[in-house]
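Remarks on the structure that follows.
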4 protein chains.
Amino acid sequence: MPDLFKTVALVGKYDSPEVGDNLPKLADFLRSLGYAVLISHNTADQLGVVDHPTAALAEIGQRADLVVVVGGDGTMLSIARMLAGHDVPLVGVNQGRLGFLTDVPVDSMFESLAEILAGEFVAENRLLLNASILRCGQSIFSACAFNDVVVSKGSSGRLVEFETQVDGEFVYSQRSDGLVIATPTGSTAYALSAGGPILHPSLEAFIMVPICAHTLSARPIVVNSHAVVELKLLYGADARVHFDGQSQRDIKVGDIVRVTRAPSLIRLLHPKTYSYYRTLREKLYWGKKL
Amino acid sequence: MPDLFKTVALVGKYDSPEVGDNLPKLADFLRSLGYAVLISHNTADQLGVVDHPTAALAEIGQRADLVVVVGGDGTMLSIARMLAGHDVPLVGVNQGRLGFLTDVPVDSMFESLAEILAGEFVAENRLLLNASILRCGQSIFSACAFNDVVVSKGSSGRLVEFETQVDGEFVYSQRSDGLVIATPTGSTAYALSAGGPILHPSLEAFIMVPICAHTLSARPIVVNSHAVVELKLLYGADARVHFDGQSQRDIKVGDIVRVTRAPSLIRLLHPKTYSYYRTLREKLYWGKKL
Amino acid sequence: MPDLFKTVALVGKYDSPEVGDNLPKLADFLRSLGYAVLISHNTADQLGVVDHPTAALAEIGQRADLVVVVGGDGTMLSIARMLAGHDVPLVGVNQGRLGFLTDVPVDSMFESLAEILAGEFVAENRLLLNASILRCGQSIFSACAFNDVVVSKGSSGRLVEFETQVDGEFVYSQRSDGLVIATPTGSTAYALSAGGPILHPSLEAFIMVPICAHTLSARPIVVNSHAVVELKLLYGADARVHFDGQSQRDIKVGDIVRVTRAPSLIRLLHPKTYSYYRTLREKLYWGKKL
Amino acid sequence: MPDLFKTVALVGKYDSPEVGDNLPKLADFLRSLGYAVLISHNTADQLGVVDHPTAALAEIGQRADLVVVVGGDGTMLSIARMLAGHDVPLVGVNQGRLGFLTDVPVDSMFESLAEILAGEFVAENRLLLNASILRCGQSIFSACAFNDVVVSKGSSGRLVEFETQVDGEFVYSQRSDGLVIATPTGSTAYALSAGGPILHPSLEAFIMVPICAHTLSARPIVVNSHAVVELKLLYGADARVHFDGQSQRDIKVGDIVRVTRAPSLIRLLHPKTYSYYRTLREKLYWGKKL
């Protein structure tokens with residue numbers, strides 16, 4: 001089924017010597033199979049790759065039929081966010097310990113990619129969050145997140161106070177270190193450290209996880225992905241909003257952080273042997289079958 | 001819109017003197033509005049109600065257009081399970097502290113019911129679980145649950161060991177006091193005490209919450225309501241399965257407890273002023289708006 | 001037993017109009033009983049109190065036999081830290097909701113103080129922490145804390161990585177939002193929000209509570225109060241140390257935060273009716289006797 | 001320093017073929033070093049050991065200067081409880097994964113024991129609990145526990161309700177699956193699964209950990225080891241008390257379970273290289289130094 005994918009793009013983790021070794025090999029391998037190869041500008045510059053065409057990420061989003069990300073979950077996270085809206089599937093090749101999002105090991109990358117390109121894969125759609133910061137009723141900033149939107153106290157170390165609404169209905173006022181609003185993908189990241197549950201990726205849901213809430217009976221709440229979550233800052237001079245832990249923005253008292261489901265999805269392809277629960281077991285040291 | 005409901009059934013909590021006061025008043029009130037009234041056999045017997053027709057619960061399920069349950073959440077739970085499959089909507093009148101399922105206070109029951117009967121209500125569908133116990137591949141017992149199916153250690157106080165699969169995929173082996181598999185409705189009951197999150201009732205999802213797991217990194221997992229959850233008992237001489245904490249069944253090593261979504265739904269009607277999050281705030285002492 | 005206390009000092013919460021009403025009344029009342037009264041400079045300036053002698057806090061520490069703090073737990077916390085080492089007992093008068101440390105209500109302050117001054121009290125010694133920041137083996141900063149010493153990530157929102165030793169023995173390396181090291185007094189403050197247990201004030205122990213640790217099996221550890229706890233920062237460009245949430249200090253990678261028991265104790269006096277567990281029940285909404 | 005120990009007793013885990021291999025070797029080794037060897041009756045019977053003198057456990061408690069337990073933590077737990085009051089130190093040899101209490105690996109048992117017998121050891125005193133069941137003011141049962149005393153619901157799966165007092169002061173009424181009262185030794189056993197903190201073994205403290213409490217703000221409380229903890233059962237037809245999970249006793253509504261510090265201590269000897277925190281890291285998968 002070589003018609004599925006004609007152009008395959010490669011994007012690598014920056015500043016990683018191992019990517020420098022493996023990404024060019026992958027490019028040659030793909031060309032040898034007859035695929036058109038595109039390498040992201042930044043990756044090519046950094047690695048000094050000269051014998052394959054290059055493109056900016058936005059162009060890759062338009063031209064590629066498949067994007068192979070070589071790196072860890074952090075790399076996949078930032079590339080996926082930048083490609084959101086382009087409807088191009090992603091595969092993650094991991095050179096270290098396997099990640100939740102990057103589940104093709106370098107050791108078997110040729111076989112796994114050949115299989116995937118031949119149509120032997122498990123496809124998964126992952127939700128994204130969209131967050132806007134509203135000041136005096138106007139959106140002053142907007143960004144999307146693949147893992148989570150986190151409203152948190154800032155550098156002073158003092159708590160934040162905020163009020164939360166879901167679909168216009170008042171949920172709670174809270175004094176805490178902040179609130180994590182996470183996708184199922186993000187449920188195994190920061191939200192998990194803050195005490196949240198694991199959401200299977202197939203769920204159309206988000207999770208709101210308080211961080212060190214003063215009210216001891218505060219609990220994580222799982223809401224429908226079509227819910228509109230709004231958080232209004234009541235106190236916290238230097239509060240801020242974090243997107244996937246990769247970018248952030250200061251907010252002021254009175255600002256509203258509105259979080260909704262993003263219109264687009266991230267499409268991940270996995271080898272046929274992929275198992276979400278096996279990854280969980282390995283990452284969380286749950287041990288083997290008794 | 002009086003055509004919506006013609007026959008209204010009343011079911012009361014057993015052994016409750018207050019129900020004895022209020023339920024007959026409610027029956028008279030409904031008759032005065034022109035509705036046909038049916039009282040459950042057991043309720044009528046207990047309360048000595050003689051001036052309204054009575055019926056068994058199964059008949060109520062077939063003939064009534066609306067069932068009013070007078071009691072607390074425990075009463076609603078057991079009535080709802082027994083009426084599952086009859087597709088008749090339920091309203092809960094609570095005489096004590098408001099419940100999650102019984103949200104019409106006695107003080108305003110006449111007004112609230114008049115409104116609901118006039119078509120002024122918020123309707124909600126709630127998921128049910130279906131659980132079968134398989135021994136040597138044969139189902140030896142089957143029951144449904146509105147809140148939760150709990151596999152737990154028995155009277156010896158020793159732990160259970162089991163292996164869990166979701167959709168045929170191995171999830172984990174676990175040594176613990178047991179596992180709660182809960183609906184969104186049940187997420188605010190035992191599952192919450194065991195450390196689970198709150199699932200909004202609109203979610204088509206179940207939650208698996210370990211009870212005192214030996215593996216400290218065990219976490220609640222929220223799965224799609226269409227998932228097939230199977231738990232195979234590996235150790236635990238006197239383990240048992242509990243259905244809504246109201247009935248139970250012993251299981252043996254090797255038995256499989258298979259939990260799926262029940263084909264039918266529970267339909268709850270609430271007054272227009274109903275707010276799920278307000279109930280949460282009140283029940284969990286989250287406090288008021290700051 | 002009027003010999004116990006001759007000079008009683010009064011210190012009030014800043015910027016509180018209610019303190020302005022009550023503190024002068026208390027001063028007059030104490031003078032009428034024959035006690036020498038001292039008012040802290042700052043309090044007198046703010047309240048415009050002119051008919052009682054005033055003194056700086058250090059002088060109060062030396063001259064007073066009892067210090068009455070009028071305000072909330074935050075006020076008591078800061079005054080207690082400043083008076084640490086002076087060995088003068090403290091009483092807390094609270095004007096709002098009762099605190100853990102300020103347990104004499106304004107409504108009964110005359111009776112309660114008269115009783116306490118007459119020798120009718122429950123005395124309690126509370127531990128303090130001492131924290132030093134070591135850079136290249138040299139102490140560059142040192143402070144004490146009544147509640148807690150918190151090492152936390154800073155404004156970037158990124159995690160910190162550190163290594164912990166207790167009595168020279170390696171305990172764990174951790175990636176997290178930070179670590180709370182709390183006294184029994186502090187165990188009901190921030191440490192509790194972060195998931196720590198409650199330590200009865202009579203315990204000679206400290207508690208180390210991780211904040212959102214990546215390792216899901218991380219747990220709070222209670223150590224002997226004579227332990228030397230050392231935390232070495234391995235990663236975290238803008239990490240900082242907080243003392244009772246009231247002051248803070250930046251630290252750098254390689255810095256060691258050494259926490260030990262302070263040589264002095266805080267001595268609190270309570271009315272005879274004082275009950276630690278009643279305060280717990282009220283503050284944590286544990287409800288009444290069933 | 002061979003004068004320290006003259007008579008060394010050996011006790012093995014029942015039904016363990018590996019103990020059958022190693023225990024006789026250990027006996028011969030100790031005799032070859034000039035120590036008098038005593039083997040417990042039960043162990044000798046089971047293993048068919050005939051060439052060493054045997055004794056009942058009570059006699060061992062009186063005659064031995066050191067008891068070597070060969071097995072896992074469960075074996076050590078039961079032997080230690082039976083020897084409580086005899087003031088004889090214990091060493092644990094573990095044949096499987098190292099335990100918290102049995103920290104000499106079989107592979108190095110000759111070297112480690114030779115060192116310990118020569119006076120090269122780290123000694124540790126561990127607290128024991130004493131629990132009495134009072135009915136109508138009379139003690140009807142009494143037992144000690146090394147890990148924990150657990151009051152729990154029984155086979156019905158219904159909750160228990162009880163009221164707790166510490167030193168005669170009311171602490172809380174609770175609806176839950178039960179309560180764990182643990183020593184520092186037991187803090188890494190069942191109490192940890194129930195959400196309790198880790199208590200360093202040097203602490204003179206106990207921990208009360210609720211099991212699945214209905215009140216969401218319930219938290220573990222660490223109390224002084226000299227506290228008298230009393231739990232009065234208010235509801236729970238088939239509640240029971242468990243001692244180290246090894247023996248149990250039914251209790252009735254109205255019964256009081258009184259838990260205090262036992263007068264005697266358990267004395268454990270460890271090789272010089274022993275590290276409590278290393279054991280924690282290994283057992284809880286905390287990972288290595290970063």
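Proteins come first, then strands; the chains are lettered A, B, ... in the order of their sequence lines, and each starts at number 1. Computed from a prediction, not measured in an experiment: that's the story for all the values here.
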Quick check on D:Arg258: does its CZ atom have over 12 non-hydrogen neighbours (other residues, nucleotides or ligands) under 6.0 Å away?
no
Sequence neighbours left out, cut at 3.5 Å: what donor-acceptor pairs do the side chains of residues 204-215 of chain D make with other protein atoms?
| from | atom 1 | to | atom 2 | distance (Å) |
| --- | --- | --- | --- | --- |
| D:Glu204 | OE1 | D:Arg261 | NH1 | 2.9 |

Please check if atom CG in D:Asp87 has more than 12 non-hydrogen atoms from other residues, nucleotides or ligands closer than 6.0 Å.
no
I'd like to know which of D:Pro184, D:Ser202, D:Gly196, D:Ser187 tops the heavy-atom pair count under 4.5 Å against chain C.
D:Ser202
Count the heavy-atom pairs under 4.5 Å between each of D:Ala218, D:Pro197, D:Gly195 and chain C, then report the option with the highest count.
D:Pro197
Point-to-point distance, once rounded to the nearest 0.5 Å, from CZ of D:Arg219 to CG of C:Leu192
6.0 Å
What parts of residues 277-286 of chain C touch chain D if we use heavy atoms and a cut-off under 4.5 Å?
C:Tyr277, C:Leu280, C:Arg281, C:Leu284, C:Tyr285, C:Trp286
To the nearest 0.5 angstrom, please state how far the CD1 atom of D:Ile221 sits from the CD1 atom of C:Ile198.
5.0 Å
For residues C:Val222 and D:Val222, report the shortest heavy-atom separation together with the two atoms involved.
CG2-CG2, 4.4 Å
